[in-house]
Amino acid sequence: MEHVTNEPGGVGRPDWVAPATEPLDPSIPVNDYDSFAEEYSAENENSLLNAHIERPAMTALAGDVSGRRILDAGCGSGALTAALRERGAVVTGIDASAGMLAVARRRLGDDADLRVVDLRDPLPFADGAFDDVVASLVLHYLEDWGPTLAEMRRVLKPGGRLLASVNHPFVEWLAEDPRPSYRETTSYTDLWTFNGKSFPLTFWRRPLSAMTDAFIDAGFCPPAISEPKTAPDAPESFSGISFMCFVAQVPSSGQPR
């Protein structure tokens, strides 16, 4: 379990995540989850932010998924995939990192439907193939949500749902000094340290209005928004800002957006 340090404004960071303040080493690729898949998966398994805030929120939003066909877009090492399968869903997991999928396959078994897919590319599925798409902490890696959300909408059946979680738009705005412009879509890089080695991850922050507009522009109904709290069984309390969750529905036939 990582210790979460409270930043000004009630923002929390794990001790192993810090803003990049020096020029990056060009020899180290950014967002290369293959290079630390095992280490990240171990942190993600029981961490406060993942295991006791974001993942319980996503499973609660999903509700009764028995028999539903679900695409876990950006499934990583498969923790959410496993939780949905345990609740009776038929889940396909995709991720850009083959290393993360290797960890997921050990967790889920050889019969799991896991595929290497970059969410910036067209999805290799038929129109209306899924009842739900879950996108857990993945959209904030993308500068442009438009093409990805359009593909997610395409593979959802009429009335299907997209459940997405992202870093809360206030987190970096409150934590950084000087503060970035809230109303602009800008990138930032954090250094994640495992076993004494730092790995750069670049994310994209955008205002809440840009997020909701992106769902609507992709053809979804206006999304429901929630800000998850810490689960009651968490080993430590945290009342600060962490994530934002969306539930966006594809209109049913004849239903206005």
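From a predicted model like this one, the values you see are computed outputs, not experimental measurements.
- Side-chain atoms of Asn31 and Thr202 form no donor-acceptor pair, as typed in the model, at a separation below 3.5 Å.
- With respect to the salt-bridge test (charged N to carboxylate O, under 4.0 angstrom), the residues Glu143 and Arg120 do not qualify.
- Ile216 and Val247 fall into different hydrophobic clusters, where Ile, Leu, Val, Met, Phe, Trp and Tyr side chains are chained together by heavy-atom contacts under 4.5 Å.
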Exercise. Take Leu174 and Arg179 through the test side-chain contact (heavy atoms from CB on, under 4.5 Å) and record every step on the way to the result.
Key: CA-CA 7 Å; Leu174 287 170; Arg179 287 180 174 172; 3.6 Å; yes

Quiz prompt | Intermediate values then yes/no, side-chain contact (heavy atoms from CB on, under 4.5 Å), Leu71 and Val91 | solution = CA-CA 6 Å; Leu71 175 64; Val91 188; over 6 Å; no

Quiz item: Could you walk me through whether Lys157 and Asp131 pass the side-chain contact (heavy atoms from CB on, under 4.5 Å) check?
Solution: CA-CA 6 Å; Lys157 71 176 187 180; Asp131 299 297; 2.7 Å; yes

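- Between the CG atom of Asn167 and the CE atom of Met244 there is a distance of 11.0 Å, given to the nearest 0.5 Å.
- Applying the ring-ring contact (aromatic ring centres under 6.0 Å, His included) criterion to Phe36, with sequence neighbours excluded, gives Tyr33, Phe194, Phe199.
- A heavy-atom distance below 4.5 Å is found between the side chains of Thr189 and Leu24.
- Using a 30° and 60° split on the angle between ring planes, Phe246 and Phe215 fall in the tilted class, from 30° to 60°.
- What you find for Arg115 and Pro124 is that their closest heavy atoms are NH1-O, 3.9 Å.
- Considering every non-hydrogen atom in both Leu119 and Ala73, the closest pair reads CD2-CB, 3.9 Å.
- Listed by chain and number, the residues in a ring-ring contact (aromatic ring centres under 6.0 Å, His included) with Trp192 are Trp16, Tyr40 (sequence neighbours excluded).
- Using a 4.5 Å heavy-atom cutoff, the side chains of Leu80 and Cys75 are not in contact.
- If you take NE2 on His168 and CZ on Phe243, they are separated by 11.0 Å, rounding to the nearest 0.5 Å.
- Across His52 and Pro235, no two heavy atoms sit closer than the pair NE2-CD, 3.6 Å.
- In this structure the side chain of Leu162 never reaches within 4.5 angstrom of the side chain of Val250, judged on heavy atoms.
- In this structure, Val166 and Trp145 have side chains that are in contact, with non-hydrogen atoms separated by less than 4.5 Å.
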Run the side-chain donor-acceptor check on residues 132-139: report pairs under 3.5 Å with partners two or more places apart or on a different chain.
unit_1	atom_1	unit_2	atom_2	d
Asp132	OD1	Arg68	NH2	3.1
Asp132	OD1	Arg161	NE	2.8
Asp132	OD1	Arg161	NH2	3.4
Asp132	OD2	Arg68	NE	2.6
Asp132	OD2	Arg161	NH2	3.1
Ser136	OG	Glu54	OE1	3.3
Ser136	OG	Glu54	OE2	2.6

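- Under a 3.5 Å cut-off, the side chain of Arg107 and the backbone N or O of Ser77 do form a donor-acceptor pair.
- Looking only at atom types and distance, the side chain of Asn50 has a donor-acceptor partner in the side chain of Ser47 under 3.5 Å away.
- The heavy-atom pair separating Val116 from Ala96 by the smallest distance is CG1-O, 3.9 Å.
- Minimum interatomic distance between Gly219 and Pro251 (heavy atoms only, all atoms of both residues): O-CD, 3.3 Å.
- Annotation: the span from Ser242 atom OG to Ile53 atom CD1 amounts to 4.5 Å, rounded to 0.5 Å.
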Practice problem: Run the numbers on Leu201 and Val30 for side-chain contact (heavy atoms from CB on, under 4.5 Å), then give the verdict. | Solution: CA-CA 6 Å; Leu201 291 179; Val30 175; 5.7 Å; no

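- For CG of Asp25, the number of neighbouring non-hydrogen atoms (other residues, nucleotides, ligands) closer than 6.0 Å is greater than 12.
- No donor-acceptor distance shorter than 3.5 angstrom exists from the side chain of Asp95 to the backbone of Leu101, with no hydrogens or angles considered.
- Pairing each heavy atom of Pro200 with each of Pro29, the nearest pair is CG-O, 3.8 Å.
- Once rounded to the nearest 0.5 Å, the distance linking CG of Asp118 with CD1 of Ile94 reads 9.5 Å.
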Practice problem: Could you walk me through whether Glu45 and Arg55 pass the salt bridge (Lys or Arg N to Asp or Glu O under 4.0 Å) test, one step at a time? | Solution: CA-CA 10 Å; Glu45 194 71 26; Arg55 211 152 47 235; 5.5 Å; no

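- Looking only at side-chain heavy atoms (C-beta outward), Val171 and Trp173 stay at 4.5 Å or farther from each other.
- For the side chain to side chain contact (heavy atoms under 4.5 Å, CB included) test, residues two or more places apart in sequence or in another chain that qualify with Ser226 are Leu61, Cys245.
- The side chain to side chain donor-acceptor pair (under 3.5 Å) contacts involving residues 82-92 comprise Thr92-Asp113, where partners must be two or more places apart or lie in separate chains.
- When the side chains of ILVMFWY residues are joined at heavy-atom separations under 4.5 Å, either directly or via intervening members, Met211 and Tyr182 end up in a single hydrophobic cluster.
- Here the straight-line distance linking atom OG1 of Thr193 with atom CD of Glu39 works out to 11.5 Å at 0.5 Å rounding.
- A donor-acceptor contact shorter than 3.5 Å is absent between the side chain of Arg183 and the backbone of Pro207.
- Judged purely by atom type and a 3.5 angstrom limit, Thr148 has no side-chain atom pairing as donor or acceptor with the backbone of Asp144.
- In this structure the side chain of Thr230 never reaches within 4.5 angstrom of the side chain of Ser239, judged on heavy atoms.
- Side-chain contact between Asp127 and Leu156: absent, with no pair of heavy atoms (C-beta onward) separated by less than 4.5 Å.
- For residues 108-130, the set of pairs meeting the ring pair (Phe, Tyr, Trp, His ring centres under 6.0 Å) definition, not counting sequence neighbours, comprises Phe125-Phe130.
- Between atom CG of residue Leu48 and atom CD of residue Glu43 there is a gap of 12.0 Å, rounded to the nearest 0.5 Å.
- Ile225 and Ile241 fall within a single hydrophobic cluster, where Ile, Leu, Val, Met, Phe, Trp and Tyr side chains are chained together by heavy-atom contacts under 4.5 Å.
- With no hydrogens or angles considered, a side-chain donor-acceptor pair links Arg205 and Thr186 at under 3.5 Å.
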